[in-house]
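Presented below is the structure to which this report refers.
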Amino acid sequence: MGSAVVQITLFGLLLALVIALPNKDDWDIYNFYINSTVTSRYATTVITSRVANRMNEPKEIEFQVRIPKNAFISKFRMHIDGQDYNGVVKAKEQAQQQYTHAVSRGQSAGLVSSVGRTLEEFKTSVTVAAHKKVTFELTYEELLKRRLGKYELQIHARPMQPVKDFKVDVHINENAGINFIEVKGGLTTGVLANTTTIQKDADKQAWLYFYPTEDQQKTCQGCGDQGLNGDLVIVYDVNRDTSLGDIKTSDGYFVHHFAPYNLPRIPKNVVFIIDQSGSMHGKKIQQTRTALIHILKDLAEDDYFGLITFDSSIFHWKRELVQATEENLGSARTFARAIQDRGATDINAAVLEGARMLNLHPREGSASILILLTDGDPTTGVTNLETIQSNVRKAIADKFPLYCLGFGFDVNFEFLEKMSLQNNGVARRIYEDSDADLQLKGFYEEVATPLLTDVTMTYVGSTNLTQTTFSQYYNGSEIVVAGQLIDNNVETFIPQVVAISKNQRIVFSDPTATTESTKTVSDNRIQRVWAYLTVKQLLEKELQLSGPEKDKVEKEALRLSLKYSFVTPLTSMVVTKPQGENTDVLHKPKEGEKPDPVRPRGGAPQVMGHGGGYRLFAGSMYTSPPF
Ligand SMILES: *[C@@H]1O[C@H](CO)[C@@H](O)[C@H](O)[C@H]1NC(C)=O
Ligand SMILES: *[C@@H]1O[C@H](CO)[C@@H](O)[C@H](O)[C@H]1NC(C)=O
Ligand SMILES: *[C@@H]1O[C@H](CO)[C@@H](O)[C@H](O)[C@H]1NC(C)=O
Ligand SMILES: *[C@@H]1O[C@H](CO)[C@@H](O)[C@H](O)[C@H]1NC(C)=O
């Protein structure tokens, strides 16, 4: 009964949305610019678009763009009729309370929603008088993460119609020197193959530009009458030195990028824990087998490994870790090929067994790693999530990292994320798709080559540091630490890294080197890198805590989000508009929220494109009590 009423209400809301939907034929996009500046791996991207209402009456004009999930929106502005309307970042609860009324009437649907694997959609609209113009300007910021030896900056272009004046400009400044740079993505194929130009200046700077003509915007791959629709992905890496790495200071803050490369690999002990419960049936279990067989091929002869599958019981290939000899690998592959889906999910017993195997196998000068792959929640054995987390933490006792791979969207990703973070690892989502085996293999490659363990970074003469201890450092990745200099004094600042390499303790320090400092007065970028990293890490910490400690961490994360105007899961952007119009309240979706599928163009009715808005009403966002 109750659900029928809800459904009818929802249908009514959907209908209202369809009727009220802005019609993009009513407007003309004069220009659309995407400008991105990357300095020391910190990317600040500004999207500006000038749009005119071409009708003889006031019309609602929409601005809809996609930005990387990892980024924080930091600014939004509309310029109409000589007047600026600035978005204001507020505490989420406060924004919610203030505007719940308008939102609950279904008059305002602004929010950021998750799209595809890596993007979020930002959407707002404003009413513009006949033949008047509006300029939208959105800024977002992100610290690029080094994976498998490279950084990737993703730029998504989808202005919704061909644009006379369309430009993408990317400026990269890396004082360490740009080692290589290339551009990939859908917008670099077909007729657009040669439209992206990269200019390098003395290795420290690169400028990439992409100015496709209106015709090119219609005929490129994936593009059509509605113009561009695709990505440019700028891929690059910087030069590395063999010691302390790249340290930059500015305005009392520093950021340190540490990624030594010329170290020997440390042999590893790895245990794979593979979920074979009934829900893995079909393609998932098939892809898991394929990935596992590939991964087994990549183990080195001095690695040791173990393999467990589980449903409501545990199945060992061997009860203890064995050396990755040809013979053992062959036998493990045979075991992997025979993995079948069946039964329930006992995550607790499986992870404890994996930890037991690694604990029984201490080996001087090696690095241990536990990898769990699952596609569901614990359904048998111990199923209380907190009890599992506590058991796992006790069993691992900070001795090695636990990586959790959540396959698909039936997993409780937050549970996996929390469990990984509590054990020095990370969680990664594996998307159910034709390339799932490659995603699995890709993740494994990131941790396949440990170069250092027990990494401790110290910075005499500094304070308010981001995370400084790391259980392992892998080839192709990077450790980033930021902090504040005491009294803005570079002279007393002494960075040092201590870590265990293969069988020896190494101290990385460089007493002769002077830290590079940029003294431009207005350059607060290093400070923003510090703020970005601090907020990201506080949000991760908050996830692991409870009670008053959680509140304290959350409060600090909120304070910094507000101070630096970041739209994080704790804040919202309130988009102010001309008098008489509804205010939009934009939230960042929670990590793990199911994304809208990226739909083929022109297929589904337009209301489907507003899946995010739909979920806003259907979900619990406005009805649940504040957490
Ligand atoms: C963005 O790039 C365009 C074209 O290169 C330029 O005209 C414009 O001033 C830039 N805008 C910003 C905000 O940097
Ligand atoms: C792009 O440039 C390459 C090399 O200059 C050329 O071989 C290729 O045909 C060009 N592609 C297009 C679509 O113009
Ligand atoms: C680390 O990666 C670099 C670049 O891919 C490679 O040249 C080097 O051999 C790798 N080091 C080890 C120990 O595998
Ligand atoms: C460190 O941060 C705290 C607030 O979190 C601030 O009160 C303090 O001034 C900062 N320390 C320095 C040396 O700036």
Side-chain angles (χ1 to χ4, degrees), residues 38 40-41 143-153 172 174-184 200 203-204 206 233-246 256-272 291 294-305 323-326 329 363-371 400-401 403 424-426 428 438-457 470-481 497-508 510:
V38 188
S40 295
R41 295 71 140 178
L143 183 63
L144 304 180
K145 218 180 174 110
R146 188 167 185 250
R147 281 210 178 105
L148 301 172
K150 54 190 191 279
Y151 306 98
E152 291 193 347
L153 173 68
I172 296 176
E174 294 289 356
N175 272 301
I178 296 166
N179 178 296
F180 76 90
I181 180 165
E182 60 187 35
V183 55
K184 297 189 310 188
K200 275 176 83 172
D203 279 354
K204 293 191 185 219
V233 183
I234 294 98
V235 184
Y236 76 98
D237 196 16
V238 304
N239 296 326
R240 306 277 157 198
D241 65 19
T242 53
S243 63
L244 204 51
D246 194 6
H256 180 191
H257 288 88
F258 177 69
Y261 69 95
N262 62 335
L263 297 164
R265 62 175 282 281
I266 300 179
K268 61 185 184 292
N269 316 305
V270 58
V271 173
F272 302 96
H294 274 289
I295 288 169
L296 289 171
K297 280 195 189 121
D298 286 347
L299 290 171
E301 175 126 25
D302 56 358
D303 288 340
Y304 277 70
F305 73 107
Q323 196 174 350
T325 59
E326 257 321 303
L329 288 175
R363 190 160 60 116
E364 196 62 22
S366 69
S368 295
I369 299 170
L370 192 53
I371 299 178
F400 41 82
Y403 296 102
N424 303 300
V426 294
R428 189 69 66 78
L438 296 177
Q439 298 174 52
L440 287 168
K441 194 164 171 282
F443 172 78
Y444 169 74
E445 277 166 12
E446 288 180 42
V447 298
T449 317
L451 297 182
L452 294 172
T453 64
D454 304 291
V455 184
T456 304
M457 328 271 289
F470 301 86
S471 68
Q472 301 185 351
Y473 160 68
Y474 303 102
N475 202 19
S477 74
E478 181 169 64
I479 289 174
V480 186
V481 179
V497 181
V498 180
I500 313 285
S501 169
K502 193 178 179 179
N503 287 321
Q504 61 170 342
R505 185 171 171 273
I506 304 192
V507 178
F508 298 84
D510 210 345

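Ligands are counted one by one from 1 in listed order, and the atoms in each one are counted from 1 as well.
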Can you tell me the protein heavy atom closest to atom 13 (C) of ligand 3 and the distance? Leu263 O, 3.5 Å
Using only heavy-atom distances, determine whether the side chains of Glu152 and Tyr236 contain a donor-acceptor pair under 3.5 Å. no
Please write down residue, atom name and distance for the protein heavy atom closest to atom 11 (N) of ligand 3. Asn475 ND2, 2.8 Å
With the threshold set strictly below 4.0 angstrom, can you tell me whether any protein non-hydrogen atom sits that near atom 7 (O) of ligand 3? no
Indicate whether the side chain of Arg428 and that of Tyr403 have a donor and an acceptor atom separated by less than 3.5 Å. no
Counting from 1, what ligand 3 atoms have a heavy atom of Arg265 closer than 4.0 Å? 13 (C)
Which label fits Phe508 and Phe258: parallel for a plane angle under 30°, tilted from 30 to 60°, or perpendicular past 60°? perpendicular
Atom pair CG (Leu144) and CD1 (Ile234), whose distance is rounded to the nearest 0.5 Å: 9.5 Å
